[in-house]
Every structure is written in C-alpha cells, then in structure tokens.
Amino acid sequence: MSTLSARRIAVMVAVFVAAMSLASAVSDVQKLTAASSDSQVVIEWVNPTIEADFQGALVLVRAGAPVGDVPSTGAAYLVGEAIGASTVSCNASSLVSSCTVSGLDNGTSYHFKVFTHDSALSYSSGIAVAGLPRAASDVKWSFSTEASALNPTGAVSGRSVVAIGNDGLLHRMSEANGSRGNWVPPVVGGAVQSRPMVGDLNPGGAADDTAFASAQNGFLYRYSLADDAALDAAANVVSDAGCAGGILQSGPVIVVDAFDGNSNNNDNVVIQATRCGDVNGDGTLNDNKIMLYSHDLSTLYASYAGGAGGLGISNATPYVLYRDTANNVVYVPVHDGGGTSLLVLEVDSTPSFQVFSTISGIGDIDASPAMFRKGSDPLMVLGNTTGSIYLYLALVQSAGPGTPLVQRDSLNAGDGGVKAVAASTAIGLGGNLYDHWVVWSTDTKVHGVLVPPNGAFEISTLWHADIASASAPLVLRNVRTSGDVLMYVGGANGMLYELNATNGAVSRSWSLAPGTTVGDPTFDYNDGIHQGIVVGTTAGTIHWVPIN
Amino acid sequence: MRSMTRRFTMMLLVAGLASWAWTADNRNGEGGGGGINGADPPSAINSVFVMNQNPNTLVGGSRRGPDPGSTGPFASYDTPQVWIVVQYDRRLVGNDPFDQRVTLYLPDGSVYQRMITPIDPFGLGGNVDRSDISPVTIGLSPLKRNPALNQRPQAPGKGGKPSATRYTAYAQVPLPVAGTWITQHNLFGTWTVVVDATRDGKPLGQAQSSTTFNGR
C-alpha cells in the first residue's frame with residue numbers, strides 16, 4: 001500500500017469517526033439562567049426537545065474561573081466528582097431542567113457549564129453561565145440573562161418580578177430567590193428596551209396576570225404570566241402604522257377601564273407610539289402614529305398621526321393620568337419632527353383619541369414625563385434633549401382644547417440632555433401645603449430642585465451630584481426613617497447609589513457589577529415586608545437589592 | 001444486525017459526501033481568508049462592517065461608492081440607526097437556508113445583543129415559523145448583490161478577505177442608535193461585532209469587526 005493510499009484511508013477513517021461523533025452528539029440546553037442568592041445558585045434551562053436519544057445533562061462548576069474542562073466520551077460521573085479543575089454539581093436526567101447548588105461561599109463567583117449527553121455518553125460542547133451568591137442583606141438575589149438588561153422591570157404584586165431586555169426572552173422570577181421555577185421564558189422576537197407593562201387585568205376576579213412588551217422588531221406582544229407562558233396575542237404595530245421597517249423604542253401603556261367604567265375588562269386599551277423612518281421621503285422623521293388597540297390586540301380602534309406637520313418619533317413611554325369624572329388622559333413625548341414635543345390625548349368612549357393639548361417649540365423629548373399633585377392640580381415635569389426642565393399644569397389648557405398646557409416654570413442646568421425625570425410624593429408642610437422634589441439625570445450628573453407650595457422651581461435649592469452615565473432616577477420616601485426623601489440611580493461603574501434627594505449627598509452605595517453599567521431601578525415592595533430595588537446591568541444580570 | 005449494517009453504510013456515505021464537499025469547496029483555490037481555524041473549510045463570510053447608510057440605497061457601479069465616513073465612528077445622538085452588513089462568498093454558502101448570528105459586544109465586554117436572522121441564499125423570500133427566535137411567522141432575509149458595497153474602503157485587520165465582486169452578496173441587520181440604551185446609558189466607545197453563520201448546527205463561516213459610537 002502506498003503512503004498516499006494509507007493517508008487517504010486514514011483521512012477517511014478520521015472523517016468517519018467525526019461523522020459518527022456528529023451523529024451521536026445531542027444539542028446543548030437552551031435558555032440557560034442562573035439565580036444566585038444567599039450561599040446558593042439555581043441553574044435552570046430548557047432541555048433539547050428534538051433529539052430522541054437525549055438522556056440528560058451534566059453540570060460542572062468551578063469557583064473563580066470559567067469551566068475549561070470537558071467530560072470524556074463514554075464516561076459516567078457522580079455528583080462531587082472532579083473533572084480537572086471542575087466538579088460535577090448535578091447529573092440531571094432528561095426529565096430535569098434545573099440544578100440547585102448550595103453551601104457556596106458568598107462573594108465568590110461560580111462558573112457553571114451544562115453538557116447534554118446521549119445514551120452512549122457522548123457529550124455536547126456545553127453552555128456556560130455564572131453566578132455570584134451574596135448575603136441576603138447585601139443582594140437578596142441576582143438573575144443572569146444572555147444580553148444587556150437596562151430597562152426597569154415589572155412586578156406582579158406578591159408573586160413575581162418580570163424582566164425582558166436585549167436577549168428577547170420574557171423572564172419571570174420568584175421574588176423570594178430569583179429562580180424561575182415552572183416558567184419557561186418565551187421568545188419575544190426582538191430587543192425590548194422599555195419597561196414591560198405587567199399586572200392583573202381582572203382585579204377582583206380570577207387572576208389574569210398579563211405582560212405587554214414592545215420590541216424593536218416593531219411588534220407589541222401580550223403574554224399570559226401563568227405558568228404555561230403562552231403568547232396571547234401580537235400586533236405588528238409598525239405595519240399597522242404604515243411604516244414597516246420601523247421599530248418600537250418606547251413602551252406601551254395600558255389604560256384600564258378606559259372608556260365605559262364598567263367592571264369588565266373589555267374597555268382596557270393599549271396605547272403605543274411608533275418610531276418610524278422617513279416613510280414619505282421628505283427628509284424628516286415625521287411619519288409616526290400613536291396607536292390605540294383593544295387589550296387583546298385584536299382590534300386597532302384608532303390612531304393619531306399628529307397635526308399638519310405630522311408626528312415625530314417616540315423614544316419615551318407615555319404617561320397615563322386617570323380622572324374620575326372625565327376621560328383619562330395620556331401624555332405622549334415625541335421628537336419635534338412634526339413640530340410637536342408633547343401630545344396630550346384623551347381616550348373617549350368611541351373609543352378614539354381627542355386632542356387635549358399640544359406642546360410645541362421645546363425640542364425633542366426622550367424622557368417620560370413625571371407627575372405630582374399640588375392640591376387638586378396635577379403638575380407635569382418634562383425634560384428635553386438640550387437640558388431644559390419644564391413644569392406644566394397637567395390639565396389646564398392655555399386657550400381651550402388642543403392648545404398648550406399652562407407652563408409654570410423652566411430651568412436649564414447646562415450640562416446636556418435630560419435622560420429621565422422623577423418627582424417625589426407630597427411632603428406635608430401643614431395647612432394643606434406641600435413640597436415636592438424633582439430630580440433628573442443627564443450624561444454626567446443627577447440634579448434636584450424643590451417645587452414649594454407656589455408650584456414653581458425654587459432655584460436656590462438646585463443641587464447636582466456627579467454620577468457618570470446616570471440611569472433614570474427613582475424617588476422614594478419614608479424608606480428608613482419617616483420623612484426621608486431618597487433617590488436611587490445606577491452608574492457606569494457597576495454601582496447603585498442612594499442619594500438624599502434634597503441635597504444630592506450619597507447616603508449608601510452598592511457595588512453590583514464592577515466594570516458594567518447599571519440600568520434603571522424599579523421599586524419592589526410587593527410582599528409588603530421587604531423593600532427592594534430591582535436593577536439590571538449591561539452584563540445582563542438583574543439584582544434585587546434590599547433597602548430597608 | 002441488518003439495521004446496524006445500514007447505519008454503517010449510511011455513515012460511510014456521509015463520510016464520502018463530506019469528503020466530496022470538502023474537495024468541491026476548495027477546487028477553485030480562491031476561497032481566501034481561511035476558515036475559522038486551520039482545520040475548517042474556508043469561511044463563507046468575506047467581511048462584516050457597519051455603516052450609517054442603508055446598503056440598499058447605494059447605487060451599484062457608482063464611482064464614488066458610499067461615503068467613506070459612513071464606516072464610523074458614529075455620532076450617536078445624530079445617528080438614528082446603523083446597518084451591520086455581512087458580505088458572503090456566494091460560492092461557499094450553498095443553496096439551503098442558514099442562520100446568521102450577529103453578536104454585539106460593548107466596550108465593557110458585555111453582550112449588548114445577539115440577533116439571529118434566517119437567510120435564504122437564493123433570495124426568494126418566504127416566511128418561516130421559528131419558535132426559537134420569534135413567536136410569530138418571520139420572513140427569510142435574502143442575500144443581495146450590490147457592487148457598490150465592494151468599493152467601500154476596507155479597514156485593515158478587520159476580518160475581511162478579498163473576493164471577486166461577482167461572487168459577493170450581502171445581508172444586513174439594522175441597529176437603532178439615537179434614543180436607545182446607547183445614548184440613554186452612554187454606551188460609547190469601541191464595540192466588537194462578531195458574526196457567524198451556521199446551517200444545521202454546522203459552521204459556515206465567521207468574521208469579526210469593530211465600530212465606534214461616540215458621545216456626540
């Protein structure tokens with residue numbers, strides 16, 4: 001036999017062996033997550049479903065460094081057995097899709113890798129995830145996702161936290177330890193960068209926990225939050241708006257009992273604003289619409305395309321103001337491509353939109369409005385991309401229907417665009433007089449200013465604090481001591497800060513994920529006992545931080 | 001025993017086909033660029049780059065080609081979106097649909113987003129139900145040809161490889177910029193873009209590039 005023939009046979013044998021290997025290997029697990037809590041990490045996944053010979057999964061763990069070891073073909077392993085520098089944490093059957101690892105050292109990073117195998121004990125290439133157990137007093141739990149998660153989360157009262165970010169998976173975690181339990185996170189189909197709107201659509205009756213999420217692929221999705229994780233409905237909003245190829249950047253708002261006030265949920269509606277490209281080719285991004293859907297997304301009741309100049313793009317989620325004796329009102333911030341910066345729309349009983357007010361001439365708005373009440377008068381705070389903050393009477397038109405709201409005040413802190421605004425609840429002064437603190441974030445700072453009983457900014461109280469890449473601020477009162485006014489904000493250095501909202505002094509901070517950027521915080525008090533901040537990071541990990 | 005014999009015969013057939021396919025891929029000797037590593041077939045991906053113009057709007061055969069400045073860095077606040085353009089060698093992608101996965105890494109090393117797009121090399125379009133990437137029916141993205149894209153200046157060392165224009169086709173993925181987390185959370189700096197293509201779980205190619213978003 002010539003050398004060439006021998007080499008050819010050797011190559012054929014090698015290819016054959018490789019083909020055998022490919023034919024017998026099973027796919028890796030999917031939707032792998034890690035929920036870390038006090039001295040414990042819960043690894044959860046979805047098993048491959050199409051391979052008939054899938055037999056189970058082997059979970060390896062290594063402290064402090066990624067798992068670089070692999071199980072050997074044909075070898076069976078016991079829990080606790082060492083493979084190189086790694087240890088077998090779980091040897092799960094095909095019916096199991098989680099692995100709880102306890103007795104871990106708090107503050108130590110644990111790296112896991114999950115390998116599937118078939119009946120011949122041929123192992124897949126493996127999927128990795130990491131967890132960081134910490135003392136419950138520091139971080140109650142953290143939950144890993146597969147891509148950045150910077151938007152605020154949602155919460156179902158007393159039951160769960162709901163999050164979705166750039167990984168496009170709708171996650172539902174236990175408030176107790178962050179694990180997902182029976183929930184198999186469904187694919188949403190696009191990145192979601194706004195808060196998922198979650199809640200019980202049937203309060204007082206059988207629970208109808210539901211989530212709405214607006215994705216950058218242009219779809220608005222409605223999911224049941226029951227354990228079956230079913231897609232209830234989807235609306236192709238950008239297509240319905242005539243701008244296929246556009247996206248949804250801002251979130252949806254749900255108006256409960258929008259137009260008839262009956263106790264059924266047939267009058268719950270969903271409002272969504274679009275971010276379309278230049279549809280008509282006039283060189284201006286003014287071809288957007290505000291869409292009004294039925295709660296089941298089956299019916300597009302109405303849409304509004306702005307005035308004569310059209311409607312600019314929407315990046316910030318609208319705000320709903322409920323009224324007892326008049327139509328509810330929705331505040332929709334937009335870019336001024338159509339000449340309007342804020343649209344205020346009533347939802348009437350048709351159901352359709354009626355223009356309550358338009359505000360023009362204040363530029364692009366990328367921050368959702370904040371609202372507070374001075375006696376019977378709600379006030380609205382709005383910030384634009386050139387750094388100005390405006391204060392309006394939220395329900396007082398300057399000259400009748402459709403005209404601008406009455407502006408009470410404005411100021412510009414002079415350090416760049418307003419990323420987000422928030423306001424405190426009323427601080428009683430006695431005699432039916434109240435103070436409120438308004439706070440906002442820019443590229444490099446957070447600011448605060450007092451709105452005293454006269455309903456205008458008290459410039460002498462203006463403060464700022466240096467926080468690079470500050471997230472949207474969250475203002476809370478009475479967290480630790482009666483009367484305190486605190487704000488929470490994420491930063492670019494992996495930190496979550498607690499500041500005194502009356503002077504900007506940092507009172508506490510948490511190093512959640514060094515080297516990453518921390519996103520927009522959410523307050524969670526749903527169990528009625530523990531107050532916490534839920535916040536994500538660019539690394540995709542969501543943290544539940546106790547604050548009381 | 002008969003079943004085993006048949007399986008063995010099938011394996012030999014698979015091995016033979018794999019061997020033939022390897023030969024076919026390399027028969028013209030113009031693969032260029034090498035594979036993912038030295039032992040793999042040549043990559044079907046020529047290059048990946050980022051531009052702030054819709055590649056569909058570039059005029060083929062234009063002498064000017066795209067604006068050289070459109071390859072970045074990008075002024076984030078003034079850039080509504082960019083397009084991640086993946087150029088393929090049509091000789092190496094085959095005929096059947098495959099998956100393109102674009103992974104975007106932030107300057108801090110985190111994964112900003114992974115975008116999986118089912119690609120139809122023939123460009124016939126059509127819809128697919130892919131519950132692994134979308135709960136609703138989605139369209140297959142076609143591979144397109146546009147000579148103007150080949151006129152763009154190639155940044156050195158960005159994972160590209162030379163290829164004759166007539167064999168080149170591209171797919172695009174939009175990435176919104178202004179008003180997204182990129183500007184809301186100052187995710188500025190140099191990003192890494194990694195694209196890989198797979199068919200039935202087997203790699204077709206991989207390429208890597210970078211782009212910069214600044215805070216203007």
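Lettering of chains follows the sequences in order, A, B, ..., and the numbering in each one begins at 1.
- Contacts between A:Ala539 and chain B at a heavy-atom distance below 4.5 Å involve backbone atoms as well as side-chain atoms.
- Judged purely by distance below 3.5 Å, without hydrogens or angles, the side chains of B:Thr137 and B:Asp129 pair a donor atom with an acceptor atom.
- With a 4.5 Å cut-off on non-hydrogen atoms, A:Leu150 touches chain B through its backbone and its side chain both.
- For A:Asn151, the parts lying near chain B are the backbone and the side chain together; criterion is any non-hydrogen pair under 4.5 Å.
- Of the two parts of A:Gln216, only the side chain, counted from C-beta on, holds a non-hydrogen atom closer than 4.5 Å to a non-hydrogen atom of chain B.
- Side-chain N/O atoms of A:Thr538 and B:Asp108 include a donor and acceptor closer than 3.5 Å.
- The number of heavy-atom neighbours closer than 6.0 Å to CG of B:Asp132, taken from other residues, nucleotides and ligands shown, is above 12.
- B:Thr103 does not touch chain A: none of its heavy atoms, backbone or side chain, sits under 4.5 Å away.
- Ranked by heavy-atom pairs shorter than 4.5 Å toward chain A, the options B:Ile133, B:Thr180, B:Ile116 are led by B:Thr180.
- No donor-acceptor distance shorter than 3.5 angstrom exists from the side chain of B:Gln172 to the backbone of B:Trp83, with no hydrogens or angles considered.
- When atom types are taken as modelled, the side chain of B:Lys144 and the backbone of B:Asn56 share no donor-acceptor pair closer than 3.5 angstrom.
- For a residue to count as touching a neighbouring chain, one of its non-hydrogen atoms must lie under 4.5 Å from one of that chain's; by this rule A:Ala149 touches chain B with the backbone only.
- Ranked by heavy-atom pairs under 4.5 Å with chain A, the list B:Ser134, B:Ser110, B:Pro135 is led by B:Pro135.
- The most heavy-atom pairs under 4.5 Å with chain B, out of A:Ala147, A:Ser148, A:Gly540, A:Gly189, come from A:Ser148.
- The part of B:Leu106 that comes within reach of chain A is its side chain, from C-beta onward, which places non-hydrogen atoms under 4.5 angstrom from that chain.
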With side-chain contact (heavy atoms from CB on, under 4.5 Å) as the criterion, how do A:Thr116 and A:Val29 come out once you've worked through the C-alpha distance, each side chain's angles and the decisive distance to 0.1 Å? CA-CA 7 Å; A:Thr116 58; A:Val29 300; 3.5 Å; yes
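- For the residue pair A:Asp28 / A:Ser125, a side-chain donor-acceptor distance below 3.5 Å is found, with atom types taken as modelled.
- The contact between A:Asp443 and chain B is made by backbone and side chain atoms together, counting heavy-atom distances below 4.5 Å.
- Of the two parts of B:Leu187, only the side chain, counted from C-beta on, holds a non-hydrogen atom closer than 4.5 Å to a non-hydrogen atom of chain A.
- Note: B:Ala178 leads B:Pro174, B:Gly215, B:Ala178 in heavy-atom pairs under 4.5 Å with chain A.
- If you measure heavy-atom distances from B:Tyr77 to chain A, the contacts under 4.5 Å come from the side chain alone.
- Between A:Ser144 and A:Thr33, the side chains place no donor N or O within less than 3.5 Å of an acceptor N or O (distance only, hydrogens not considered).
- Annotation: maximal heavy-atom pairing with chain B below 4.5 Å, among A:Asp520, A:Thr537, A:Asp167, occurs at A:Asp520.
- Donor-acceptor pairing under 3.5 Å is recorded for the side chains of A:Thr442 and A:Asp415.
- Salt-bridge check for B:Arg91 with B:Asp89: passed, with a basic side-chain N closer than 4.0 Å to an acidic carboxylate O.
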